[in-house]
Number of protein chains: 2
Amino acid sequence: MPDEVAVKAWRELSRQYAALSCALESALQDRHQLGMSEFEVLDRLVGAQDCTGLRMQELGEQIHLSQSALSRTVARLEKDGLVERKLCASDRRGVFVHPTEAGRERHAAARPTHREVINTTLGG
Amino acid sequence: MPDEVAVKAWRELSRQYAALSCALESALQDRHQLGMSEFEVLDRLVGAQDCTGLRMQELGEQIHLSQSALSRTVARLEKDGLVERKLCASDRRGVFVHPTEAGRERHAAARPTHREVINTTLGG
DNA sequence: GCGCATTCAATGCACATGCAACTAACGTAC
DNA sequence: GTACGTTAGTTGCATGTGCATTGAATGCGC
């Protein structure tokens with residue numbers, strides 16, 4: 001790929017990401033008191049119907065966030081009562097995270113906003 | 001666009017942006033002591049061959065950064081001697097930013113890295 | 001059992017970012 | 001000329017992030 005084309009692609013990628021992440025961040029915050037990272041975590045947790053929840057590590061593979069950032073995002077969600085952390089019995093270094101009932105409700109309320117903003121921003 | 005397709009597109013966008021911005025950030029930092037935002041600013045300044053430089057406002061339109069973040073990015077570049085700020089004579093609220101010789105050299109050294117990382121990451 | 005490297009997650013710290021408030025300069029109305 | 005609204009850019013502050021370190025638990029070699 002010629003350099004100039006690649007750079008153009010990068011700028012376009014960057015532009016789209018900035019527009020969408022910014023729109024998501026403010027819409028989710030305004031309407032549902034959720035940051036984008038918080039929503040992403042909730043979304044993965046609710047999406048994984050395994051009732052025991054996901055390990056931090058599994059979350060980390062799906063969400064692009066450093067390990068420390070993920071740890072703190074989950075901590076914020078826990079403080080707000082949206083997820084719970086449980087020690088993993090078989091490997092006591094591990095931590096299972098699963099949504100609370102309040103977490104499921106908040107996610108259900110926020111999901112339409114998420115979808116709508118994505119459609120609007122990517123479409124327009 | 002069906003919701004699920006849009007969400008998939010967003011996740012893919014997010015994944016690509018994370019991979020590329022992360023790779024750029026670390027490569028530029030390691031090899032040229034430049035953050036990604038700093039390089040972007042330099043790149044626009046050198047690209048605009050107007051020898052008087054660009055106004056902060058013009059930079060802001062091209063780079064996706066809040067006004068305050070841009071102001072501080074330029075301040076860092078100035079502190080490192082890579083750009084200079086000059087008051088605009090016709091409108092003394094405005095600020096012209098233009099690269100110094102050192103800034104041009106640093107940019108020239110970093111540009112191949114930038115292009116290479118983009119090609120490698122977008123290609124692979 | 002006893003070390004020792006490895007893995008998982010949390011925390012101290014530095015830093016870049018965004019928002020809101022602020023300062024300075026411009027332009028207009030009068 | 002004075003007052004007022006607007007625009008350009010900077011700064012105080014709170015916050016989210018990454019890197020490196022730490023602490024705990026695991027597994028392996030012996």
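None of the values given here were measured: they were computed from a predicted structure. Values below: all heavy atoms of this structure, side chains included; hydrogens, waters and symmetry mates excluded. We name chains A, B, ... by the order of the sequence lines, and we start the count at 1 in each one.
- The hydrophobic cluster containing B:Ile63 does not contain B:Phe96, counting ILVMFWY residues as joined when their side-chain heavy atoms lie under 4.5 angstrom apart, directly or transitively.
- Two residues are said to be in side-chain contact when any heavy atoms from C-beta on lie closer than 4.5 Å; B:Gln62 and B:Leu54 meet this criterion.
- No side-chain heavy atom of A:His107 sits less than 4.5 Å from a side-chain heavy atom of A:Pro99.
- Side-chain contact of A:His114 with A:Asp43: a donor-acceptor pair under 3.5 Å is absent, judged by distance alone.
- Using a 4.0 Å cut-off on heavy atoms, none of the residues of residues 21-31 of chain A approach DNA chain C.
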Polar pairs (N or O, both sides) under 3.5 Å between protein and nucleotides 20-27 of chain D?
| from | atom 1 | to | atom 2 | distance (Å) |
| --- | --- | --- | --- | --- |
| D:dT26 | OP1 | A:Arg92 | N | 3.2 |

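- Side-chain contact between B:Arg106 and B:Leu34: present, with at least one pair of heavy atoms (C-beta onward) separated by less than 4.5 Å.
- Within the 4.5 Å cutoff, the side chain of A:Leu59 has no heavy atoms near those of the A:Leu65 side chain.
- Of the listed nucleotides (D:dC13, D:dT10, D:dT17), D:dC13 has the atom at the smallest distance from the side chain of B:Arg72.
- In this structure, A:Trp10 has its ring center under 6.0 Å from that of B:Tyr17.
- Here the C1' atom of nucleotide D:dA8 and the CZ atom of B:Arg85 are 13 Å apart, to the nearest Å.
- Salt-bridge annotation for B:Glu12 and B:Arg15: present, with a side-chain N of the basic residue lying under 4.0 Å from a carboxylate O of the acidic one.
- A salt bridge links A:Glu40 with A:Arg44: the closest approach of a Lys/Arg side-chain nitrogen to an acidic carboxylate oxygen falls below 4.0 angstrom.
- Atoms NE2 (A:His64) and C1' (D:dG16) sit 15 Å apart, rounded to a whole Å.
- A nucleotide of DNA chain C counts as in contact with chain A when one of its atoms lies under 4.0 Å from a heavy atom; the first and last such, 5' to 3', are C:dT7 to C:dC13.
- The interatomic distance linking A:Glu40 (CD) with D:dT17 (P) rounds to 12 Å, in whole Å.
- Salt bridge annotation for A:Arg31-A:Glu116: present, with a cationic side-chain nitrogen under 4.0 angstrom from a carboxylate oxygen.
- Taking atom CD1 of residue A:Ile63 and atom P of nucleotide D:dG16, one finds them 15 Å apart after rounding to whole Å.
- Note: the hydrophobic cluster containing B:Val7 also contains B:Leu13 (ILVMFWY, side chain heavy atoms under 4.5 Å, direct or indirect links).
- Where A:Met56 and B:Thr73 each meet DNA chain C at their nearest nucleotide, the meeting point lying more 5' is that of A:Met56.
- Residue B:Gln57 contributes atom CD, which lies 15 Å from atom C1' of D:dT10 at whole-angstrom precision.
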